[in-house]
S.K.: 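Sharing a structure, written as structure tokens. Questions coming.
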Amino acid sequence: MKNNEIVEIEKIIGYTFKDKALLERAFTHGSKEKHATKNYQSLEFLGDSILDFIIAKRLMEINPDAHEGALTRLRAQIVSREPLADEIAKLGLENYLIVGKGENAKAISNQSKIMSDIFEAVIGAIYLDSKNIDLAEKFILDKLADLLNGKCKHVGVDDYKSKLNEFASKHDLQVEYIEVGRTGPAHNPTFAVEVKVNTFIAGCGKGKTKRDAEQLAAKEALARINVKQ
């Protein structure tokens with residue numbers, strides 16, 4: 001990883017590493033380095049645990065009277081694969097993924113599992129470099145602020161994707177979401193998504209995250225095929 005790339009990443013995440021190799025490791029895919037101490041996998045393991053703890057603590061602060069079950073559901077909505085992958089895309093960090101020779105970096109970075117792993121690996125790297133849980137917490141709460149503030153409405157009555165999936169399953173149809181555009185600055189893009197039902201483009205949506213765009217595309221698709229929302 002080049003020095004200018006390291007500086008760019010540090011600026012995006014809001015933390016300057018003492019050990020630059022640790023930052024590079026957080027973006028190194030297993031296809032590039034198989035050894036556990038040189039790729040992001042063990043950092044992701046650590047970051048996942050830190051993320052669960054920080055989000056649980058914050059949710060208890062926000063919802064002091066909530067029962068365990070409600071807090072567990074809220075945490076799952078925030079730390080699940082798609083919201084974390086959306087944040088990586090929003091920050092433009094997928095562009096720094098390091099993959100092995102002959103691998104398609106763009107195809108790998110389009111996988112939400114890998115992008116959510118990168119988010120968690122960055123958390124682990126910040127903690128190991130700083131030895132300070134507060135700095136890892138700052139990164140988490142800064143980057144997931146919208147989710148914690150309830151601005152990303154992708155559950156409950158607004159979960160159009162689930163409704164479309166239920167309709168498709170009932171009628172033996174295939175649903176596919178495709179990103180067709182991205183506009184605006186790298187740190188604050190707007191995503192455009194189409195949803196296909198079988199081969200028919202059933203809906204389009206735009207949003208500040210892929211998930212929001214997908215929800216709006218699913219909403220339009222439900223309206224077009226006259227499914228009760």
Side-chain angles (χ1 to χ4, degrees), residues 1-58 75-76 78-145 147 179 182 185-189 191 209-211:
M1 186 175 284
K2 298 176 182 177
N3 287 337
N4 66 302
E5 292 177 324
I6 290 173
V7 171
E8 288 168 2
I9 295 171
E10 290 177 332
K11 185 176 180 180
I12 290 169
I13 67 177
Y15 176 78
T16 301
F17 279 79
K18 296 183 285 291
D19 182 359
K20 308 299 184 183
L22 199 55
L23 172 59
E24 183 171 348
R25 178 181 162 193
F27 287 85
T28 301
H29 187 254
S31 63
K32 175 65 175 178
E33 293 286 356
K34 302 293 185 184
H35 199 280
T37 62
K38 293 185 178 180
N39 63 39
Y40 66 67
Q41 291 175 341
S42 56
L43 290 177
E44 178 267 326
F45 169 77
L46 175 61
D48 178 57
S49 298
I50 296 171
L51 178 64
D52 276 352
F53 166 68
I54 295 301
I55 294 300
K57 180 168 78 75
R58 183 58 182 151
R75 181 176 62 181
I78 294 170
V79 304
S80 59
R81 183 180 301 176
E82 289 188 1
L84 301 184
D86 282 346
E87 188 58 32
I88 289 292
K90 180 179 175 182
L91 296 171
L93 290 174
E94 78 275 20
N95 298 316
Y96 299 97
L97 183 65
I98 303 169
V99 302
K101 187 176 181 180
E103 296 289 339
N104 187 325
K106 183 172 177 58
I108 291 175
S109 67
N110 280 334
Q111 299 178 42
S112 59
K113 171 65 169 65
I114 291 174
M115 290 300 97
S116 64
D117 286 350
I118 293 294
F119 187 92
E120 292 169 340
V122 169
I123 295 170
I126 290 172
Y127 174 71
L128 288 181
D129 189 69
S130 67
K131 305 296 189 295
N132 188 334
I133 193 71
D134 291 340
L135 292 176
E137 180 174 15
K138 182 180 185 302
F139 170 77
I140 293 167
L141 297 185
D142 282 352
K143 303 312 178 189
L144 300 182
L147 284 168
E179 181 185 331
R182 190 183 301 189
H187 68 280
N188 188 28
F191 296 89
T209 68
K210 279 187 182 179
R211 178 177 280 273

S.K.: Kindly compute the distance separating CD1 (Ile126) from CD (Glu10), expressed to the nearest 0.5 Å.
M.R.: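 Result: 10.0 Å between the selected atoms.
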S.K.: Could you tell me which residues satisfy side chain to side chain donor-acceptor pair (under 3.5 Å) with Lys38, sequence neighbours excluded, listed by chain and number?
M.R.: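 Lys38 satisfies side chain to side chain donor-acceptor pair (under 3.5 Å) with no residue once adjacent residues are dropped.
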S.K.: Could you tell me if the side chain of Leu23 sits less than 4.5 Å from the side chain of Asp129, heavy atoms only?
M.R.: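 No, too far: nothing below the 4.5 Å cut-off.
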S.K.: Mind checking side-chain contact (heavy atoms from CB on, under 4.5 Å) for Ala121 and listing every partner two or more places apart, or none if nothing turns up?
M.R.: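 For Ala121 the side-chain contact (heavy atoms from CB on, under 4.5 Å) partners, ignoring immediate neighbours, are Ala26, Tyr40, Leu43, Glu44.
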S.K.: Can you spot which of Asn132, Leu128, Asp134 makes a side chain to side chain contact (heavy atoms under 4.5 Å, CB included) with Ser130?
M.R.: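 By the side chain to side chain contact (heavy atoms under 4.5 Å, CB included) criterion, Ser130 pairs with just one of Asn132, Leu128, Asp134: Asn132.
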S.K.: Go through the structure and list residues passing ring pair (Phe, Tyr, Trp, His ring centres under 6.0 Å) with Phe191, not counting sequence neighbours.
M.R.: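 If we apply the ring pair (Phe, Tyr, Trp, His ring centres under 6.0 Å) test to Phe191, skipping adjacent residues, there are no hits.
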S.K.: Find the distance between OG1 (Thr28) and NZ (Lys34) and round it off to the nearest 0.5 Å.
M.R.: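 Rounded to the nearest 0.5 Å, the OG1-NZ separation comes to 13.0 Å.
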S.K.: Between Leu93 and Ile13, is a side chain to side chain contact (heavy atoms under 4.5 Å, CB included) present by the stated rule, with each step listed?
M.R.: CA-CA 9 Å; Leu93 290 174; Ile13 67 177; 4.0 Å; yes
S.K.: Give a yes or no on this: more than 12 heavy atoms of other residues, nucleotides or ligands lie within 6.0 Å of atom CG of Asn188.
M.R.: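 Yes, the 6.0 Å shell around CG holds more than 12 heavy atoms from other groups.
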S.K.: According to side chain to side chain donor-acceptor pair (under 3.5 Å), does anything in residues 85-97 pair up with another residue at least two apart or in another chain? List the pairs.
M.R.: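 The answer is Glu8-Tyr96, Glu94-Arg182.
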S.K.: Taking side chain to side chain donor-acceptor pair (under 3.5 Å) as the test, write out the residues that go with Thr16, two or more places apart.
M.R.: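 Side chain to side chain donor-acceptor pair (under 3.5 Å) list for Thr16, sorted by chain: empty.
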S.K.: Quick test of your reading: applying salt bridge (charged side-chain N to carboxylate O under 4.0 Å, His left out), list the pairs with at least one residue in residues 110-124, sequence neighbours left out, ordered by first then second residue.
M.R.: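 Passing the test, one end in residues 110-124: Lys113-Asp117.
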S.K.: Inspect the contact between Arg58 and Glu137 and indicate whether a charged nitrogen and a carboxylate oxygen are less than 4.0 angstrom apart.
M.R.: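 No.
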S.K.: Just jot down the side-chain contact (heavy atoms from CB on, under 4.5 Å) partners of Ile50, sequence neighbours excluded, or say none.
M.R.: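 Ile50: side-chain contact (heavy atoms from CB on, under 4.5 Å) contacts with Leu46, Ile54, Ile123, Tyr127, Ile133, Ala136, Ile140.
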S.K.: Does the side chain of Ile118 reach to within under 4.5 Å of the side chain of Leu84, using non-hydrogen atoms?
M.R.: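 A side-chain contact is absent here, since even the closest heavy-atom pair is not under 4.5 Å.
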S.K.: We want to know whether Arg211 and Ser112 form a side-chain donor-acceptor pair, criterion being a heavy-atom distance below 3.5 angstrom.
M.R.: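 Distance-only check fails for Arg211 and Ser112.
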S.K.: Going by ring pair (Phe, Tyr, Trp, His ring centres under 6.0 Å), name the residues that satisfy it together with Phe27, two or more places apart in sequence or in a different chain.
M.R.: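 In terms of ring pair (Phe, Tyr, Trp, His ring centres under 6.0 Å), with neighbours along the sequence ignored, Phe27 is linked to no residue.
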S.K.: Which distance, rounded to the nearest 0.5 Å, do you find between the CD of Gln111 and the NE2 of His29?
M.R.: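 Between Gln111 CD and His29 NE2, I get 7.0 Å after rounding to 0.5 Å.
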S.K.: Heavy-atom count around Lys57 NZ within 6.0 Å, excluding the residue itself: above 12?
M.R.: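 Yes, NZ of Lys57 has more than 12 neighbouring heavy atoms, counting only those of other groups under 6.0 Å.
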S.K.: Can you name the ring pair (Phe, Tyr, Trp, His ring centres under 6.0 Å) partners of Tyr15, sequence neighbours left out?
M.R.: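 For Tyr15, the residues satisfying ring pair (Phe, Tyr, Trp, His ring centres under 6.0 Å) (neighbours in sequence not counted) are Phe17.
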S.K.: Distance from Leu97 atom CG to Ile108 atom CD1, nearest 0.5 Å?
M.R.: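 Nearest 0.5 Å value for the CG-CD1 distance: 6.5 Å.
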S.K.: CE/Met115 to CG/Leu91 distance, rounded to the nearest 0.5 angstrom?
M.R.: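 One finds 12.0 Å between CE of Met115 and CG of Leu91.
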S.K.: Holding to side-chain contact (heavy atoms from CB on, under 4.5 Å), I want the full list of residues that pass it with Lys2, two or more places apart in sequence or in another chain.
M.R.: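 Scan of Lys2 (side-chain contact (heavy atoms from CB on, under 4.5 Å), adjacent residues dropped) gives Asn4, Glu5.
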S.K.: Among residues at least two apart in sequence or on other chains, which ones pass side chain to side chain donor-acceptor pair (under 3.5 Å) with His35?
M.R.: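 Thr37.
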S.K.: Holding to side chain to side chain donor-acceptor pair (under 3.5 Å), I want the full list of residues that pass it with Arg75, two or more places apart in sequence or in another chain.
M.R.: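 Listed in chain order: nothing, the list is empty.
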S.K.: Can you tell if the side chain of Ile9 reaches within under 4.5 Å of the side chain of Val122, non-hydrogen atoms only?
M.R.: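 No, every pair of side-chain atoms sits at 4.5 Å or beyond.
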